[in-house]
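Accompanying notes for the structure given below.
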Amino acid sequence: MGIFRIKDSPYNLVDIKNAFRLIAGEEDEFIHLDVIYEIFRKNGIEKERIDDLIHVLDVYVDKKKKLFNFKEFISSIS
């Protein structure tokens, strides 16, 4: 799950927060899981790997609406 590692990444928490804000756009808190899948897919990541990555975020996802609460995720790793 190295893609979500903050301490071993060249990106800091502010960079990650800003990336999520850009992806979320007007929502400013939630990102639809389909958007996350598409971003990973366009970057050549296989579906099985994407599923594993999404599973890491599962606790922050509204399963009915398929929305990832990135603000809650960020606050948990800060």
Side-chain angles (χ1 to χ4, degrees):
M1 300 307 142
I3 231 168
F4 293 112
R5 258 191 247 148
I6 306 284
K7 294 181 180 162
D8 298 340
S9 172
Y11 305 103
N12 63 34
L13 194 55
V14 171
D15 294 331
I16 293 167
K17 284 181 185 179
N18 287 337
F20 280 132
R21 283 189 187 114
L22 284 171
I23 294 167
E26 298 279 324
E27 280 296 319
D28 195 36
E29 186 172 354
F30 298 100
I31 301 171
H32 200 279
L33 287 182
D34 292 343
V35 173
I36 295 172
Y37 268 101
E38 188 62 16
I39 289 170
F40 285 134
R41 189 193 63 74
K42 283 184 177 179
N43 283 283
I45 299 174
E46 295 178 11
K47 183 181 181 331
E48 293 79 22
R49 175 82 169 126
I50 297 170
D51 290 339
D52 289 343
L53 296 168
I54 295 296
H55 181 70
V56 171
L57 303 177
D58 201 46
V59 70
Y60 306 102
V61 173
D62 176 326
K63 279 128 183 106
K64 287 185 179 182
K65 296 180 182 178
K66 294 177 63 177
L67 294 174
F68 165 58
N69 186 329
F70 77 88
K71 284 192 174 179
E72 189 176 328
F73 171 73
I74 292 293
S75 67
S76 74
I77 60 174
S78 317

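Predicted, not measured: the structure shown is a model, and the values here were computed from it. Heavy atoms only: backbone and side chains are in, while hydrogens, waters and symmetry mates are out. Residues: numbered from 1 along the sequence shown.
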On a heavy-atom basis, which atom in K65 and which in H32 lie closest, and how many Å separate them? O-NE2, 3.5 Å
Heavy atoms, side chains only, cut-off 4.5 Å: are F20 and K71 in contact? no
Identify the residue among D58, I50, V56 that makes a side-chain contact (heavy atoms from CB on, under 4.5 Å) with I54. I50
Which value, rounded to the nearest 0.5 Å, describes the distance between R41 atom CZ and K47 atom NZ? 12.5 Å
At what distance, to the nearest 0.5 angstrom, does NZ of K17 lie from CG of L22? 14.5 Å
So, taking the atom named CG in N69 and the one named OG in S75, what distance separates them when rounded to the nearest 0.5 Å? 8.0 Å
Taken to the nearest 0.5 Å, the spacing of L57 CG from D52 CG works out to 11.5 Å
Member of D62, V35, I36 meeting the side-chain contact (heavy atoms from CB on, under 4.5 Å) criterion with F68: I36
Check: K66 and V61 side chains under 4.5 Å, non-hydrogen atoms: no
Going from CG on L33 to CG on L67, what distance comes out if it is rounded to the nearest 0.5 angstrom? 7.5 Å
What pair of heavy atoms forms the shortest contact from F30 to A24, and how long is it? O-CB, 3.6 Å
Does K63 have more than 12 heavy atoms from other residues, nucleotides or ligands lying within 6.0 Å of its NZ? yes
Could you go through Y37 and D51, starting from their C-alpha distance and side-chain angles, then the distance that decides it, and tell me whether this counts as side-chain contact (heavy atoms from CB on, under 4.5 Å)? CA-CA 8 Å; Y37 268 101; D51 290 339; 2.5 Å; yes
